[in-house]
**Q** 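Structure provided below as structure tokens; questions to follow.
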Amino acid sequence: MSEQFIIHNLRFAEGKEQIDAVLPQSSFARLSAEVVRPTGDVHFRLTGGRNSLGLPVLDLAVSTTVELVCQRCMNVMTSDIVSESRLVVVDKESLIDEYDSDEEDAILEDAEFSVLELVEDELLLVLPASPRHEMCVDSSAAKAAAEANKKPNPFAVLAELKNR
Ligand SMILES: [Zn+2]
């Protein structure tokens, strides 16, 4: 499946090509290891073009919703991740330092460039390091359920209500 996401990055940029795709989070192994459960989809769009200097670039837009553990209440929370980035594609290693900037990373021409690896690198880069709910719901039943099976168990919540 991933072969179709191997591109010649320089030709892709120069040809102003575009890939628009939706893949399950479970197809990204490193991302899956960082989330509670890889349940959502990853949307991404890679577009070739040129920057203001006329250099070939790849514009990447990625978005997904991940399940993370809130570092305050330790319950599962969802976090929307949206990111856009731009890469300048150069054909000489010596040009990488020249064109690498805060806004645009420079990468070397590559005939077998993995778009999925790029997408996954970007997601891991912008994943919150210490995720927290805006407002935690601190229920002991929900917490126990979260520890037991990583998701709130409706029966545990019901049992808690009956005991009141
Ligand atoms: Zn929380």
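Start at 1 and go down the list; that is how both ligands and their atoms are numbered.
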**Q** Quick check on Glu84: does its CD atom have over 12 non-hydrogen neighbours (other residues, nucleotides or ligands) under 6.0 Å away?
**A**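 Counting neighbours around CD of Glu84, 12 or fewer heavy atoms of other residues, nucleotides or ligands fall under 6.0 Å, so no.
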**Q** Listing by chain and number, what protein N/O/S atoms are under 2.8 Å from the Zn ion (ligand 1)?
**A** Cys70 SG, Cys73 SG, His133 ND1, Cys136 SG
**Q** Tell me if the CZ atom of Arg86 is crowded by more than 12 foreign heavy atoms within 6.0 Å.
**A**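 Yes, CZ of Arg86 has more than 12 neighbouring heavy atoms, counting only those of other groups under 6.0 Å.
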**Q** Would a hydrophobic clustering, with Ile, Leu, Val, Met, Phe, Trp and Tyr connected at side-chain separations under 4.5 Å, put Leu46 with Val88?
**A**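 No, it is not one cluster - the side chains of Leu46 and Val88 are not joined through contacts under 4.5 Å.
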**Q** Is a salt bridge present between Asp59 and Arg45, judged by a nitrogen-to-oxygen distance below 4.0 Å?
**A** no
**Q** Please name the pair of heavy atoms, one in Val76 and one in His133, separated by the smallest distance, quoted to 0.1 Å.
**A** O-NE2, 3.5 Å
**Q** Which atom names give the shortest non-hydrogen contact between Gln25 and Thr39, and what distance separates them?
**A** OE1-N, 3.4 Å
